[in-house]
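Note that this is a predicted model, so its numbers are computed, not measured.
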Amino acid sequence: MKSDSTDLFGERPPARTVPVMVPVPTPAPYSYAVPEGMAVEPGSIVKVPLGPRFVAGVVWDGGDDGKVERKKLRPIDTVFDCPPLSKEMREFLDWVAGYTLTPPGLVVRMALRAPAAFDPEPMVEGLRPTGHRPERMTPARERVLALTEDGLPWTRSGLAHAAGTSSSVIDGLLAQGSFETVFLPPPPVVAAPDPDHAAPRLEGPQTETAAALVEGVRAGRFGVSLLEGITGSGKTEVYFEAIAETLRAGRQVLILLPEIALTASFLERFQDRFGAKPAEWHSDLAPRTREKVWRQVTTGQVRVVAGARSALFLPFENLGLIVVDEEHDPAYKQEDRVFYNARDMAVVRARIGDFPAVLVSATPSVESRVNADLGRYRKLHLPTRYGDAALPDLHLVDMRRHPPARGGFLSPVLLRGIAKTIEKEEQALLFLNRRGYAPLTLCRVCGHRFQCPQCSSWLVEHRFRGQIQCHHCGYAERTPEACPECGTFDHLAACGPGVERIAEEVERHFPDARTIVLSSDLMGVKRLRLELEAIARGEADIVIGTQLVAKGHNFPLMSLVGVVDADLGLANGDPRAAERTFQLLYQVTGRAGRSGLKSHGLIQTYQPLHPVMQAIVSGDPEAFYEREIGEREKALLPPFGRLASVIVSADSRAEAEAHARGLRQAAPRVEGISVLGPAEAPLAMIRGRHRFRLLVHGRRGSDMQAFIRTMLANGPKERASLQVQLDIDPQSFL
DNA sequence: AGCACGCCGACT
DNA sequence: GTCGGCGTGCTC
């Protein structure tokens, strides 16, 4: 019997081939030859040649279709020394690709986003004391040997540093035989969390709720819980108990957080309970750390990951629980390349892995509420704040009856509130979800409005920077002094307020107060963290902030929250406008009153009778949800879309119209095709090369997928430039 | 997604 | 006469 792969005449026996999912947008895996003697299995991470380069791919399931010409076949280069992707993970990636209509290779790519992590981390060189005394003793040598009396190994630089010597002292001791070189396993990125490190501090309804979650973990089966409770009701402590139980069962945990909520204070709370921090996973992780975390997640060394949405694609060794905190947060939606909602994909991941998922929010998404009402999710409710935290006293300020002074945006009612607050040496927070100085600039002489040359939305003046900017595509120019249309100087008028303009008004009224503006464009993440800490220490009197002040951070001295324009965001065409506004107002007014201070909220609105405003002041979220769910059902919006509705959006409204016409022709039976202009389209679309996208709402997701596939097949020219997003219908994925 | 190839406008 | 824009096509 021959064992050679080649016989005497150079004839090759047919090579074994396997499907390999490569990180490119092909509809199916590619076939590769397996070299003689190479062991691969489904899930193996392999290095394969692809065109002119090498890429990392994953050996996929099923046999090879054998349709590739022999001469095209190329061999797998190497198999990485790395645990293969589990069957579960492969199934999950396939499922996500199918559901989001993304080529599977691009979904797989998300699971391999740690370039150099596929080979084991190198062993670290260490020094172990032998107990042998050197012939000559010096003070430096004494110090080193004193540190190593316990016999444990050290790294060379660590030991030199700890003993306050240079590494040449260590080298001398090594040469004398006082140390021997050993190889140590690479250090873990985080210490192992201990489920019993600190006793949980639970009271009242927290106890039962935690017990319910723990019971779910013990059962070890798929199930979704929606943990709902107002700010300060102790939701985190409650789901920490589910995490503890999962750790006791020896399984890994994933905590998803919106990127902005992944703060030092969250990590510290975790550490207080479990004695160690979770591993972090987010976009601005240092590459080296990123690789270590990825590696140690696949090997199971990392037990808990706290991460942004992309952490969902980490190949865990033995995942046993996913917690989605702030589950309503729009940041869970990715609308770039692969379109998905991490909240819903987390539920799918849990279903495939047959373990529990916990969705957590003070203001759940309407979708999750509907799923809970239908009994798909188990509803867990924490009704009260604990400790001495009281809910703020909320009032609407009817702007028709209490209008601001000419040229201002703050009503006398709110100004009086601020004055009283700072008199008491407490803090006031003014919330306005609009960056910059003014959202629109026009010429008082000819009426010219400054518009973005790239995408035609209004240009926003940023006075601190002396620029006018487009918030959709990032276009910016210096603020001109003259009207570009009629050439008149000094007649440009700023229309409407942004945070910078509110700051100006506040400084006019309270020149002696310490005022600070918090806006994502004015500072990086680090600066922001420092500012937030300074504010918490009481180093500001009046804080003016955009959306970012609504999240997570606690301000113990904050006793007044003023909402400058509560109506903002209700008027755009977003089907979730009311829901978003409700969530935002609820969360931002909840920032006050966390430490027993008597606190107030003043909400400026021109629509005091609007259901969102009524729900906010009545402190009755139930009424809001009930009404909103009814409205959605009537309007056939998510999560109740019964008609197929397709939204086409492009670089210009005219272009979107043209695409929509084509679509109506291609699919005459599809109802509800509507068109969005660029202002409503996300940043990613305009920046990217893709010309338009479809948003699909459908009760029967599979029907919609079939329709889109047909459409793609009919329009070869459009195929290359098409992006599809399924807006999740919760009934189609469970 | 990358990368090469290829066909039309402003410049060393 | 070339450099370089991005449209089109291909990768087992």
A.B. asks: Whole Å only: how far is the CG atom of A:Asp77 from the P atom of C:dC12?
C.D. replies: 13 Å
A.B. asks: To the nearest angstrom, how far is A:Arg74 atom CZ from C:dT11 atom C1'?
C.D. replies: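 Value for this atom pair: 9 Å.
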A.B. asks: Output the rounded distance in Å from NZ (A:Lys71) to P (C:dC10).
C.D. replies: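 Taking atom P of C:dC10 as the reference, NZ of A:Lys71 is at 14 Å.
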A.B. asks: So, A:Glu88 and A:Arg349, do they make that salt bridge, N to O below 4.0 Å?
C.D. replies: yes
A.B. asks: Closer than 3.5 angstrom, by distance alone: can the side chain of A:Arg90 be matched with the main-chain N or O of A:Pro42 as a donor-acceptor pair?
C.D. replies: yes
A.B. asks: Applying a 4.0 Å non-hydrogen cut-off, can you work out what A:Pro49 is touching in the nucleic acid: base, sugar-phosphate, or nothing?
C.D. replies: sugar-phosphate
A.B. asks: Specify the separation, in whole Å, of atom CG of A:Leu73 and atom P of C:dC12.
C.D. replies: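 Rounded to the whole Å, the gap is 10 Å.
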A.B. asks: In whole angstroms, how far is the P atom of C:dC10 from the NZ atom of A:Lys72?
C.D. replies: 9 Å
A.B. asks: Within this structure, what is the CG-to-P distance between A:Leu112 and B:dG2, rounded to whole angstrom?
C.D. replies: 13 Å
A.B. asks: Give me the ring orientation class for A:Tyr30 and A:Tyr32: parallel if the planes are under 30° apart, tilted from 30 to 60°, perpendicular past 60°.
C.D. replies: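 Rings of A:Tyr30 and A:Tyr32: tilted, 30 to 60°.
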A.B. asks: Please report, to 0.1 Å, the donor-acceptor pairs under 3.5 Å made by any side chain of residues 307-316 of chain A, with sequence neighbours excluded.
C.D. replies:
residue	atom	partner	partner atom	Å
A:Arg309	NH1	A:Ala331	O	2.7
A:Arg309	NH1	A:Lys333	O	3.3
A:Ser310	OG	A:Trp281	NE1	3.3

A.B. asks: Between A:Glu121 and A:Arg295, does at least one N-O distance fall below 4.0 Å, as a salt bridge requires?
C.D. replies: no
A.B. asks: Report which part of the nucleic acid A:Arg53 touches: base, sugar-phosphate, or nothing (heavy-atom distance under 4.0 Å, all strands).
C.D. replies: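 Base: the residue A:Arg53, judged by heavy atoms under 4.0 Å, touches a nucleobase.
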A.B. asks: Heavy atoms only, 4.0 Å cut-off, all strands: where does A:Pro23 land among base, sugar-phosphate and nothing?
C.D. replies: nothing
A.B. asks: Does a donor on one side chain and an acceptor on the other come within less than 3.5 Å for A:Glu327 and A:Ser368?
C.D. replies: yes
A.B. asks: Just the rounded figure in Å: distance from C1' of C:dC12 to CH2 of A:Trp60.
C.D. replies: 16 Å
A.B. asks: I need the CG-C1' distance between A:Leu106 and B:dG2, as an integer number of Å.
C.D. replies: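 Between C1' of B:dG2 and CG of A:Leu106: 11 Å.
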A.B. asks: Between N or O atoms, less than 3.5 Å apart, protein on one side and nucleotides 4-6 of chain B on the other: list the pairs.
C.D. replies:
none

A.B. asks: Testing the 3.5 Å rule here: is there a donor-acceptor pair between the side chains of A:Gln547 and A:Asn433?
C.D. replies: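 The criterion, which ignores hydrogens and geometry beyond distance, is satisfied for A:Asn433 and A:Gln547.
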